[in-house]
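First the structure, in the form of structure tokens, and then the observations on it.
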Amino acid sequence: MKNIVIGRYIPGNSFLYRMDPRTKIIALIVLMVAVFMIPREAFEMMFVGLGLILILLLIGKISIKRVYLGLRPLMFLLLFTFVFQILFNKTGPELQAWTLNYSFLNIAVIVAIVVFWMYTKRFIKAKFIYLILMIIAIITVLNQLTLGPIFATRQLVVHEDALMIGFFIMMRLIIIVTLSTVLTLSTKPTDLNLGLEAVMKPLKYLRINTEEMAMIISISLRYIPTLLDEANKIMLAQASRGVDFSEGKLKDKVMQIISLLVPMFIISFKRSDELANAMEARCFVPGATRTRLHQLFWSRLDTISLVTSIIILIGSIAVRVVT
Amino acid sequence: MAIKFKKVDFKYQGNDNKAYLALSNITLNIKAEGEFITLIGETGSGKTTLVQHMNALLTPLSGDVEIFGVKINRENVKKKRVKLNPIRQQVGLVFQFPEYQLFEETILKDIIFGPKNFGVDEKTAIERAKNVIKVVGLDESYLSRSPFNLSGGEKKRVSIAGILAMEPDILILDEPTSGLDPLGRNALLDVFYNIHTKLNKTIIIITHDMNTVYEYAKRVLVMRDSYLVYDGDPIELFTKKNIENWNLDVPDLLHLINQIETDLNLKLPKKPRNETELFTQLKAVLK
């Protein structure tokens, strides 16, 4: 629970912390566009992108471990997109082909492997690597063993494009999530709110209430850690009534999740109600013009950062044009 | 001894990677039967952390806790050598805020949720629910109501009923009387006292009310800044000079007794624990 860092501000002292939130938000958007500009054909450029991110983390004094912890919940999504690409993308030259033999005995062996994995995974620390190992083991069994009568054979063909695109999409996700983690790690929620509001100002001409939207976004970011703490407390309270969140059958698991979610919803509604009252008690009127306690200042650092991000964007556009 | 703490330390990890000390060097023994303990101390002194250790919800950072023979320390829990769930049936813990545990459609379902998790069959669990709802001072008609349309005090009672239905050997209550009116508070304290006297079960109550401590407790634990600074008799505690340093206060009755003793210039043979005792002693002395 504590490892989820999305939306958590970690105090620090580096140029990232001194930057104007507006610059950070615009730079984030510019860099994201830059990442999306890189065409699939030039997937080597992703390494350049990754290198730039690492440099940013190093000179921004943001611990790579923190960012890694933020990426960890995404691991399964990343693996899923990768596997999906390999299974269904059938373009480009063939790299490697495996014959998969399906027989009843083979399937029995696979079931045994899955059961073994399910029972032993709790003792293994590197769960993700263990999952990959299990998938490799299953493929090897299907490929090598020919026990009993085979009733179907299939080819598992890995194409170069599949590997490349899978890798490409993975990199793209990692870079984008890292960039946004850097933003939330280095910006206080209040500053983020101010920045968002300023950046979204042009939307006013489309009759969109930007102030309210900025408020909604910043409140939800602010409440992520609070709600996580609440979830932790609820889990303790239910654990004391015999709910074992670490084990149990599927049917029990459903009950466990309900016992966590219902109080969670009730508490969130109550909290939002209380927050609304507290805001009204301090004379918050939606849409009223307000003066600010914190003024945003544009410094030379911001100009340099923004120019750098735009140069990176131009670079990636150039790569797209060239290839 | 049912619960044994041996040099237990615990720290919370803050957002800024600083560690906040919650328990330091706690050594403590609690019997399974016949104890009525109150745990007091200023807010943030580690009371809740301490009782969560008694329920094996938290694992000590160093040192070990032994609950009904099950040794809980970092190593045992990490390697999953011990089963924690049965402990939670033996030691029932009622949390401070009932909102954290109520989730079912009806109060009946919510009360039987705990017992069913510990393998009690539904029929017995319903029997117990019908019984405990009366014990906490509500009537059976509540069982079919939703736990969310209740007042704060009623929610509190339902959450206590949910733990009582598990029939734990030791009952721990984290501020059970906060948010209750005076009458309801006394009624509930009497419920705990009755459970204690009739079934001879050990009860541990976290409270900020010195009167409760003085009237009911046989033993009092005082926490301050993560240390256990006092473990012993309540009368002895309150006759100490420097209890203000621990952010504690002398109970009303003791104030009254001290006033009577100085003004009337007499000495009561034994410090009375409630009004009735005070008056019987006074009558005897004044005769």
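The chains referred to below are lettered A, B, ... by the order of the sequence lines, with proteins before strands, and numbering in each begins at 1.
For Ile267(A), the part lying under 4.5 angstrom from a heavy atom of chain B is the side chain only. Of the two parts of Ile258(A), the backbone and the side chain both hold a non-hydrogen atom closer than 4.5 Å to a non-hydrogen atom of chain B. Heavy-atom distances place no part of Phe97(B) under 4.5 Å from chain A, backbone and side chain included.
Within the model, atoms CG of Asn117(B) and CD of Gln256(A) stand 8.0 Å from one another, a figure rounded to the nearest 0.5 Å. One finds the CG atom of Leu58(B) at 6.0 Å from the CG atom of Leu236(A) (value rounded to the nearest 0.5 Å). Going from atom CD1 of Ile234(A) over to atom CZ of Phe95(B) covers 11.0 Å, rounded to the nearest 0.5 Å. Taking CD from Glu99(B) and NZ from Lys233(A), the interatomic distance works out to 11.5 Å, rounded to the nearest 0.5 Å.
Under the rule for a side-chain contact (heavy atoms from CB on, under 4.5 Å), the partners of Thr187(A) that lie at least two apart in sequence or sit in another chain are Pro21(A), Lys24(A), Leu183(A), Asp191(A), Leu192(A). Shown here are the side-chain contact (heavy atoms from CB on, under 4.5 Å) partners of Ser159(B), two or more places apart in sequence or in another chain: Val94(B), Pro98(B), Gln101(B).
Remark: the Glu230(A) side chain and the Tyr100(B) side chain contain an N/O donor-acceptor pair separated by less than 3.5 Å.
Pairing each heavy atom of Ser240(A) with each of Ile163(B), the nearest pair is OG-CD1, 4.5 Å. Pairing each heavy atom of Asn85(B) with each of Ala239(A), the nearest pair is OD1-O, 4.3 Å.
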_Pair Phe103(B), Gln238(A) - check side chain to side chain contact (heavy atoms under 4.5 Å, CB included), show working._
CA-CA 10 Å; Phe103(B) 75 99; Gln238(A) 301 297 22; 3.5 Å; yes
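Atom CZ of Phe116(A) has 12 or fewer heavy atoms from other residues, nucleotides or ligands within 6.0 Å. When the shell of 6.0 Å around CD of Glu140(B) is examined, it contains more than 12 heavy atoms from other residues, nucleotides or ligands.
One N or O on the side chain of Arg241(A) and one on the backbone of Asp110(B) form a donor-acceptor pair closer than 3.5 Å.
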